[in-house]
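Basis for what follows: all heavy atoms, side chains included, without hydrogens, waters or symmetry-related copies. In this chain, residues are counted from 1 in sequence order. None of the values given here were measured: they were computed from a predicted structure.
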Amino acid sequence: MGLLVRPPRLWRRPSLENAAGQPPGPGTGRRGAPSRCRAGPGRARRAPRAAGASVFPRAQTLLRKLKRRTTARILVLGLDNSGKTTILKKLSEEDISHIMPTQGFNIKSLMQDGFKLNVWDIGGQKSIRPYWRNYFDQTDALVYVIDSADSRRMEETATELGQLARSARVDEAKLSEIPVLCFANKCDLMNAMEEEEIEENVNPVLKGRNFKIQKCSAKTGVGLQDGMEWLVDQLNNGAD
């Protein structure tokens, strides 16, 4: 039986045209496929990644935004007749012509710069003040309202604020770190104290704390937004 001999394969010269019948452009291989060789003229080389650089440079920023909270619990305290409930109603754009003293507490939800603020307004009568500490839990910020037109009670309000700060340090370690906004209310009245006089009484009891004294008027609304914007900024900074 004779041996079968396979005919030799004919060698074809590779085509220099792509599927469309056009010669390949710059940066392509012999068959029109993208070239993997080094960059040609006019193409910038990609800079090598620095050692330790993140593959996704915006990952940390994105994670911070995802973790940033959108709700906060605000505790509003102060002596009776300081204007706590009036401030809360003014911020809620409610009627403030008839305000009743708060015997227990009021709860309002406010929207401020994308934050939902759950605000707890606690009565300021002397019989209620010992129970203030019961509302410390899970509080993110404190608003303390001062009647700047009642100089006779300035010492009393500073004393209560000092006791509140000391109780926070002893009972709640987290509460000792939260921002404190002091609304110096009724600044529209003729007998309102100057901000420097209020600072002399407040600064010693809040020494070492993150706080701000903001003159305001619950009646006209002056200073309320400025104070709340500062508070939300502090909450945002604490969330980063």
Side-chain angles (χ1 to χ4, degrees), residues 73-92 94 96-108 110 117 119-136 139 141-172 175-176 178-207 209-224 226-228 230-231:
R73 187 176 188 269
I74 312 298
L75 188 60
V76 181
L77 301 175
L79 302 188
D80 51 297
N81 199 40
S82 59
K84 302 183 299 298
T85 303
T86 308
I87 287 177
L88 192 55
K89 285 184 173 291
K90 190 68 174 181
L91 289 171
S92 303
E94 297 180 13
I96 61 172
S97 60
H98 183 67
I99 303 293
M100 294 292 293
T102 303
Q103 299 298 327
F105 60 88
N106 297 315
I107 303 176
K108 290 285 185 181
L110 306 175
L117 305 178
V119 185
W120 291 64
D121 166 27
I122 314 300
Q125 290 84 358
K126 199 166 185 176
S127 59
I128 298 177
R129 295 174 205 167
Y131 301 101
W132 283 354
R133 64 197 311 170
N134 296 338
Y135 298 90
F136 288 173
T139 295
L142 172 64
V143 175
Y144 192 82
V145 182
I146 300 171
D147 184 351
S148 62
D150 192 352
S151 58
R152 296 174 301 174
R153 300 185 76 187
M154 189 64 227
E155 182 178 353
E156 181 184 1
T157 192
T159 300
E160 291 292 343
L161 181 57
Q163 291 179 356
L164 184 63
R166 287 190 295 272
S167 297
R169 292 189 183 98
V170 173
D171 296 341
E172 296 286 343
L175 193 60
S176 65
I178 65 173
V180 180
L181 171 63
C182 294
F183 269 136
N185 192 25
K186 306 182 185 181
C187 70
D188 55 312
L189 300 182
M190 295 293 295
N191 58 335
M193 292 180 289
E194 296 294 333
E195 189 170 350
E196 293 77 11
E197 186 177 355
I198 298 174
E199 289 177 350
E200 290 177 0
N201 289 273
V202 171
N203 286 357
V205 299
L206 291 180
K207 186 177 181 180
R209 299 289 298 264
N210 178 21
F211 75 97
K212 177 182 176 62
I213 299 175
Q214 175 66 54
K215 295 178 64 175
C216 73
S217 169
K219 183 178 180 180
T220 65
V222 171
L224 295 183
D226 292 337
M228 297 305 293
W230 176 86
L231 198 63

Can a salt bridge be assigned to the pair Arg152 and Asp147 using a cut-off of 4.0 Å between side-chain N and carboxylate O?
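No, no charged N to carboxylate O under 4.0 Å.
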State plainly whether the residues Asp121 and Lys89 are in salt-bridge range, i.e. N to O under 4.0 Å.
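Salt bridge: no.
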Within a strict 4.5 Å, meaning less than it, do heavy atoms of the [X] and [Y] side chains meet?
| X | Y | result |
| --- | --- | --- |
| Cys182 | Leu161 | yes |
| Leu117 | Leu231 | no |
| Ile198 | Ser148 | yes |
| Asp80 | Lys126 | no |
| Thr85 | Val76 | no |
| Arg129 | Leu79 | yes |
| Asn203 | Phe211 | yes |
| Val202 | Met154 | yes |

Say whether, by atom type as modelled, one donor and one acceptor occur between the side chain of [X] and the main chain of [Y] under 3.5 angstrom.
| X | Y | answer |
| --- | --- | --- |
| Asp226 | Gln214 | no |
| Asn191 | Ala149 | yes |
| Trp132 | Gly123 | yes |
| Lys84 | Val145 | no |

Enclosure of Glu94 CD (heavy-atom neighbours >12, cutoff 6.0 Å):
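Check passes, neighbour count above 12.
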Flag if over 12 foreign heavy atoms under 6.0 Å of NZ, Lys212
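Atom NZ in Lys212 is packed in, count exceeds 12.
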Cut-off 3.5 Å, side chains only: do Tyr144 and Thr157 have a donor facing an acceptor?
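There is such a pair (donor and acceptor under 3.5 Å, judged by atom type) between the side chains of Tyr144 and Thr157.
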After noting the C-alpha distance and the side-chain angles of Asp188 and Val222, does the key distance pass the side-chain contact (heavy atoms from CB on, under 4.5 Å) rule?
CA-CA 9 Å; Asp188 55 312; Val222 171; over 6 Å; no
